[in-house]
Peer 1: 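One structure is given below, represented as structure tokens, and several questions about it will come after.
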Amino acid sequence: MKCGLEIHVQLETDSKLFCTCRTNYKEAKANSNICHVCLNQPGAKPYPPNKKALDGAIKIALMLGCVISPEVTYFQRKHYDYPDLSSGYQRTSIPIGDQGELNGVRIYDVHIEEDPGQYKPDLGIVDFNRSGIPLIEIVTEPDMKSPEEARKFLRELIRVLEYSGSARGEGTMRADVNISIEGGKRAEIKNINSIKGAYKALQFEMIRQKNLLKRGITIKQETRAFLESQMITVPMRLKEEAEDYRYIPDPDLPPMLAENDRIEKIREEMPEPSHIKTDRFVREYGINKDHAKVITSELELADAFEEVVKFIDPKFAALWMRDDLKRVVYYNKMSFKESEITPAQIVDLLKMLEDKKITAKAGKRIMEKLPKNKEMPSQIAEEMGLIGVVDENIVLKAVKQAVQENPDAVSDYYEGKKNAMNFLIGQVMRLTRGKADPGETHKLLESELKT
Amino acid sequence: MKLLDKSKLIKNHEITALDNLEMFCKNIEKNNGIYNAFLEINKNPALDCAADIDSRIKAGEKVGKLAGMVVGIKSNINVEDFHITAASKTLENYLGSYDATVVKRIKEEDGIIIGMTNMDEFAAGSSTETSYFGHTENPAAMGRIPGGSSGGSAVAVASEMCDLSIGSDTGGSIRNPASHCGVMGFKPTYGAVSRQGLLDLAMSFDQIGSFASEAAGIALMLETIMGFDYKECTTIDWDVPEFTKMIVSDEESSLKGMKLGLVKQFFEVSDDGIVDIIEESIDNMEENGVEVVELSFDYIDLCLPTYYLINYVEFFSATRKYDGRKYGHRIEEVCGDEVLRRIHTGSYISQKEFSGKYYKKALQARSLIRKEITKLLKNVDAIVGPTVPKLPHKIGTSLEPMEMYAYDILTVIANLAGIPAASVKAGEVNGIPVGLQFQAKPLDDDKIVQLMAGFEQINKI
């Protein structure tokens, strides 16, 4: 199979694309973020396009390796009749960038559009709060060969968008996918709102088409809709009778030129795209690719890693940041940024581990204490009495010694007296001068007593 | 009384804004039933506005340059709380929710807005006969059309129902009725006046301008409404000239040394009676120090098809919002023949399969016309000629679309080229006014005002 994607994501701006209304449409009461411009009332003309949106689109195009159009670009009117469209046409720019590439998938074009309002047929209303919010649309070539590849690409793309700081995330994503399998015709699937949805839609469509072919039925070129609730696709309309959008250049908006200086300034200031950063981490720090991927999944985490490795062996840092730091952050349902953990804290912790001042176990426990905590790990270790490392062999030796030296307690233990265990732990602690981990000791004692 | 004198008297509190307004209101009461120039009059807010201006003048406070001037607005320009119908059933119940930029500026300069004027439905016409609210009479030639589409605004000034009025000009909609009604009408350079708040006919041609019975009125209004508007992307950021400074009492200084171009093809397409009057006027100007050179424009046959193709497509696009969901009626279900013709033709020729054949070709033709006109204007201050090639027909005469469109042949050029143009009364044929048109380079709007003032002077002597 071959599959291509058209992905729309909202750009991150305070005001709409062609007026000064705010873009927090989800929090605002229905039809409260509106004016005559985004309602397209008779006589209303668009204000000049939001510069932040244009710059954001250029930045994302650059991060996707696109060539920015050296020609003038302009907005076109795409006409169609639907209740959510207050003017009867959607303003959509010609490509801002093209010829990009992300993970082996070619980017055909990147452009800007305005979001329509939200039609709610069940309530019989249209909420125009969303009308005029800037969208970026990214169109790929049909370079993905399985639902898995499409999913992988989308994850990567969302990562790039998040990195850019100029786009809203997967939550505002709307995608159309087109798919064709050997012996079939191209089908377009609309209404996809998540990466999982795209994956499920492609999987469903692939199986559906294969089954049709098996039964000797020809596949027609068509547009289908994805029903998220049932994870299936249903026919929308035949492609042959597709709408004619009667594109014309919008006479109310003069052509724009992205000057070279502006492009270069954006290029200088833009973050290194995540997929390129991943490769660089592998090359520069000698860490393995899986670790690099996890660490670069969030820009702030990647930045923190680069700070930490100024003081700590990169492989060691990668191991800890990928496993334990990620685990703790994930457990707290935060992003790394939200956890407010600083590179200095990580360095302090990893130094103690490198210098064998604390056990790995203690390191994990300290890590758990770090989210939203300004204290340094060494201080936490002190407070929790975790400073000091006892070799596991020494603890094991102490366990055996304690069992041997206290047969009464051992028989009490077998009789089910709980105090016996506590007594034995106390003995091990005494023998190791308190550096053994009580929990660990408990486990070691239990397994010793079972044999 | 001359407009600038009146303005001075009001500012000096020798007559009041209220007196001025009451005078017009009486006139409207008496005559609007006959002429149907205004579709809506809103007297009470106007009275409040006049009283406020008078009290500020009395208190010695500064007032705006239009203080006490009574203004009519074409029904396709948004004024808060007025019916902005574009003379169509489509918008019969639509109340303006905001002020167009020009209206804001008129209000800021203490102009008094008295009401909304009649027009061709959605400005798609040159006769004001296609209004859903009935035709407008021509006070200068009763029984004949006043021209259009801003017929109501022209008549409001011609019949003394207001000092000044505002119209829109897409292919002659200000200059055509000015010519037929014997008043002055000015279409500024494209982008000189903000279109924010103007209902679209063809966005790349539409421009707001003014009517007055004398050049001073045009100058006063242009100073008020012109200038950059950051809320309208096609406006030009430039220093607006002080047009009222062009109005001088010495006629010689106004015309002397001006070089005018006379395009012979513009005369070839015009009726003889009209040509005679225009030639006479040009002779008169020559006697007063104007130099005239003959020019040739080979693309006149290209102008109407180019203009109408673009007009249809842009109008089709602009009317998609009237889908029946928000403003009560779906436009195609309630509009008149001409509006429907433009929507259907626009929809047809903008189809994907035809866009290269018609619309894109029209855009290319437009560039060519613009280039040629720029060439013609290079060595002259302005082009002079007739405004309309025909006299206004009798109301109710049925015309084929092409006959109707032929009225526009001399006015569409300025819109195709984006240049400023104006019409002044040159004379009469059998008592029917004939207008003379000046066209100049982009942003040479002040030269046209200067010519209008000079022409006005020599015609009075």
Side-chain angles (χ1 to χ4, degrees), chain A residues 15-21 31 34-51 54 74-91 116-117 119 121 124-126 128 131 241-256, chain B residues 76-79 84-86 88 90-91 94 96-101 103 122 168 191 194-200 202-206 229-235 310 313-314 316-327 330-331 346-355 359-360 363:
Chain A
S15 58
K16 293 185 179 179
L17 188 52
F18 297 115
C19 66
T20 52
C21 288
N31 288 312
I34 51 171
C35 71
H36 62 278
V37 176
C38 55
L39 280 184
N40 288 286
Q41 285 188 314
K45 307 283 179 287
Y47 299 171
N50 185 327
K51 194 169 174 295
L54 296 178
Y74 54 88
F75 281 92
Q76 301 201 90
R77 293 180 172 189
K78 175 183 178 179
H79 301 89
Y80 63 88
D81 185 11
Y82 200 65
D84 65 2
L85 205 54
S86 58
S87 54
Y89 53 82
Q90 184 186 25
R91 294 190 187 89
Y119 177 40
I125 65 154
V126 181
F128 286 106
S131 173
E241 39 193 86
E243 272 180 277
D244 182 350
Y245 295 121
R246 292 178 165 77
Y247 285 100
I248 61 163
D250 192 321
D252 290 331
L253 292 160
M256 325 166 269
Chain B
N76 62 351
I77 296 170
N78 273 275
V79 187
I84 314 305
T85 62
S88 178
T90 314
L91 292 173
Y94 181 67
S97 65
Y98 65 99
D99 283 336
T101 299
V103 170
F122 280 105
S168 65
S194 171
R195 292 179 299 118
Q196 186 65 261
L198 167 67
L199 273 63
D200 302 318
M203 293 68 77
S204 66
F205 296 140
D206 296 340
D229 176 10
Y230 76 94
K231 289 179 171 174
E232 206 269 84
C233 306
T234 61
T235 56
I310 296 171
V313 171
E314 292 187 5
F316 163 76
S317 175
T319 53
R320 295 310 82 208
K321 67 180 64 163
Y322 308 120
D323 57 9
R325 298 188 183 98
K326 300 180 288 293
Y327 309 108
R330 186 173 180 88
I331 187 166
S347 164
Y348 180 79
I349 62 184
S350 60
Q351 285 176 87
K352 209 173 170 186
E353 50 180 316
F354 297 137
S355 106
Y359 185 60
K360 292 210 175 109
L363 291 179

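Letters A, B, ... are given to chains in the order of the sequence lines, protein chains preceding strands, and every chain is numbered from 1.
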Peer 1: What distance do S317(B) atom OG and I248(A) atom CD1 have between them, rounded to the nearest 0.5 Å?
Peer 2: 4.0 Å
Peer 1: Between chain A and each of D200(B), V313(B), L363(B), count heavy-atom pairs under 4.5 Å; write down the option with the most.
Peer 2: D200(B)
Peer 1: With a 4.5 Å heavy-atom cut-off, do I84(B) and P42(A) have their side chains touching?
Peer 2: no
Peer 1: Taking all non-hydrogen atoms of both residues, which atom of A318(B) and which atom of R77(A) are closest, and how far apart?
Peer 2: N-NH1, 4.1 Å
Peer 1: Below 4.5 Å from any heavy atom of chain A, which atoms of S347(B) appear? Answer side chain, backbone, both or neither.
Peer 2: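 Answer is both: backbone and side chain atoms of S347(B) are under 4.5 Å from chain A.
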Peer 1: Keeping D244(A) on the side-chain end and K352(B) on the backbone end, is there a donor-acceptor pair under 3.5 Å?
Peer 2: yes
Peer 1: Which pair of non-hydrogen atoms, one from S97(B) and one from Q41(A), has the smallest distance, and what is that distance?
Peer 2: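 Answer, listing the atom of S97(B) first, then Q41(A): OG-OE1, 2.9 Å.
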Peer 1: To the nearest 0.5 Å, what is the distance between NZ on K321(B) and CG on L85(A)?
Peer 2: 11.0 Å
Peer 1: Please state whether the rings of H36(A) and Y98(B) are parallel, tilted or perpendicular, taking 30° and 60° as the class boundaries.
Peer 2: parallel
Peer 1: Do you know which two heavy atoms are closest between P46(A) and C233(B), and how far apart they sit?
Peer 2: O-SG, 3.5 Å
Peer 1: Run the salt bridge (Lys or Arg N to Asp or Glu O under 4.0 Å) test against K326(B) and tell me which residues pass, sequence neighbours left out.
Peer 2: D323(B)
Peer 1: What residues, two or more places apart in sequence or in another chain, satisfy salt bridge (Lys or Arg N to Asp or Glu O under 4.0 Å) together with D99(B)?
Peer 2: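 So D99(B) forms a salt bridge (Lys or Arg N to Asp or Glu O under 4.0 Å) with K107(B).
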Peer 1: Can you tell me how far apart OH (Y80(A)) and CZ (R320(B)) are? Round to the nearest 0.5 Å.
Peer 2: 15.0 Å
Peer 1: With a 4.5 Å cut-off on side-chain heavy atoms, are D81(A) and R325(B) touching?
Peer 2: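 R325(B) reaches D81(A) side chain to side chain.
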Peer 1: Flag the one option from Y230(B), Y327(B), Y322(B) with the top tally of heavy-atom pairs under 4.5 Å to chain A.
Peer 2: Y327(B)
Peer 1: Quick check on R195(B) against chain A: is it the side chain, the backbone, both or neither that has a heavy atom closer than 4.5 Å?
Peer 2: both
Peer 1: Assess whether a salt bridge exists between K45(A) and D206(B), defined as any Lys/Arg side-chain N lying under 4.0 Å from an Asp/Glu carboxylate O.
Peer 2: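 No, this pair does not count.
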Peer 1: Hey, which of G88(A), P48(A), A44(A), P83(A) has the most heavy atom pairs under 4.5 Å with chain B?
Peer 2: P83(A)
